[in-house]
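What follows is a single structure, written as structure tokens, with notes after it.
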Protein chains: 2
Amino acid sequence: MNKRNKSYHHGDLKQALLDEALRHIRAEGIESLSLRACSKAVQVSPGAAFRHFKDKRELATAIAAHGYRLMCAAILEYQSKAEDTEMAQFRAVGEGYVAFALNEPNLFHLMFAPGQLDSSDEHLKAQAAKIPMFSREGSGPLGVGDMLVWGVVHGLSELAIQGHFKDSLPGDFDGKMEKLTQVMAAVGPSLRALSQK
Amino acid sequence: MNKRNKSYHHGDLKQALLDEALRHIRAEGIESLSLRACSKAVQVSPGAAFRHFKDKRELATAIAAHGYRLMCAAILEYQSKAEDTEMAQFRAVGEGYVAFALNEPNLFHLMFAPGQLDSSDEHLKAQAAKIPMFSREGSGPLGVGDMLVWGVVHGLSELAIQGHFKDSLPGDFDGKMEKLTQVMAAVGPSLRALSQK
DNA sequence: AGGCATATGTAATCGATGATTACTTATGTG
DNA sequence: CACATAAGTAATCATCGATTACATATGCCT
């Protein structure tokens, strides 16, 4: 638990691997993530990584869980900046969701790449449950409004990330957010109404 | 061009590889697709596959292009079954999009997995351009309504595929489609109005 | 028919990867 | 201080994408 950097033992290899994996995924995406490359970057043998992560998927799952934490933080940030009306708070959730996706496209992609993750991981589920959309999962069926709200923000996020809106959105983050906020505002009220009944 | 199955030459190896790759992607997904396994399944040496596809990505791209053809067919089918009113045809596009996604989740996933594809492939772009949502790309910026329409159908498709609506949707295809059709119908008119101005 | 360019396939090989195993070294607790 | 355990190494396997040099079949041209 203490930091021993004298020799041999790394100190906190697990965290170091997580850091390196996060850095790599942000920069290059999940596809090219390699345990060996991570191990080398942290100056450790390939096999050592498997002492802390039984799988490549286990590492990816941990990173995805961290992604949910960041997404949650983004939503809370937008909520804290918004007025304290129900409608403003409702919109802030969507804006935070989209803002996170635009800022962390590779993390967003990983979080919705079921093949690369262990979806039954408890820590992963716990972090996801902090997101309003996810927290309603399991608590009975979602209403029409809830499905639409999630669908809109998720679809817009994904399509924007993948460049399908590149002719329709400014190049910089602030411009994208402003335009997407307008887009969502166009249906916000009706979705909110559907979501409440 | 003729079918010679006497010996050595395969006859139509390229198509055989495409068939096998499509079968594998449908059954297992893109992640585990392997050129070697495909080659073995078609009784051919691994290197032979590279005669017809310079890359693994080139093979994946061809399959994705086929996916767009199938998605287009699904949309046309829903349109042909729908009434000949503007609103009914508008809704049929969305229903066809979602129906395809539910029927071919792995193909749908591949078509929106930019890392695995060569997005600049001409054949791929040509097939995609037959989908109403994609055909508006490049023809000036999309309006608010168009972005919302695409976002809704795409987001609902993806979330449904990934099981995030599993408490809210029936287990069978027909049940899912019925519910999702209701969901989309709840905002169809307002989106259509936005999309037309 | 004969000959030859080309299309198509094989076999061998490279480097990287995920994963496992047996072994070694450090840690810290009774 | 001894010893169980945690944490790392080194070696190895099978698989993968990709390239190369080589072999064989096809079909066109005269």
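Naming convention: chains lettered A, B, ... in sequence-line order (proteins, then strands); numbering from 1 in each chain.
Rounding to whole angstrom units, CG of residue B/Leu13 and P of C/dG9 are separated by 4 Å. Distance NZ (B/Lys54) to P (C/dA7): 19 Å, rounded to an integer number of Å. In this structure, B/Glu31 atom CD and C/dT17 atom P are separated by 18 Å, rounded to whole Å. If you take CZ of B/Phe53 and C1' of D/dG17, they are 15 Å apart, rounded to a whole angstrom. Atom pair B/Leu17:CG and C/dT8:P shows a separation of 12 Å (rounding to whole Å applied). Atom CD in B/Glu58 sits roughly 12 Å away from atom P in D/dT19 (whole-Å rounding). Note: NZ (B/Lys14) to C1' (C/dG9) measures 16 Å, nearest angstrom. Here the C1' atom of nucleotide C/dT17 and the CG atom of A/Leu33 are 11 Å apart, to the nearest Å.
Among the nucleotides D/dA21, C/dG18, C/dT13, the one closest to any side-chain atom of B/Arg36 is C/dT13. Here D/dG17 is the nucleotide among C/dA19, C/dG9, D/dG17 with the atom lying nearest to any side-chain atom of B/Phe50.
Counting any heavy atom pair closer than 4.0 Å across all strands shown, A/Leu59 reaches no nucleic acid atom.
A cation-pi arrangement, defined by a distance under 6.0 Å to the six-membered ring centre and an angle within 45 degrees of its axis, is present between B/Lys14 and B/Phe53.
Taking side-chain N and O atoms only, A/Ser34 has a distance below 4.0 Å to OP1 or OP2 of C/dG18. For C/dG9, one of the phosphate oxygens OP1 or OP2 lies less than 4.0 angstrom from a side-chain nitrogen or oxygen of B/His52. Note on A/Ser45: every side-chain N or O is 4.0 Å or more away from OP1 and OP2 of D/dG8.
Proximity of a side-chain donor or acceptor of A/Ser168 to a complementary backbone N or O of B/Leu142 within less than 3.5 Å is detected.
In this structure, A/Tyr68 has its ring center under 6.0 Å from that of A/Phe134.
The residue among A/Arg51 and A/Leu35 whose nearest nucleotide of DNA chain C is located toward the 5' end is A/Leu35.
B/Leu102 and B/Leu76 fall into different hydrophobic clusters, defined by Ile, Leu, Val, Met, Phe, Trp and Tyr side-chain heavy atoms under 4.5 Å apart, directly or through other members.
If you check the side chains of B/Asp146 and B/Ser195, you find a donor sitting under 3.5 Å from an acceptor.
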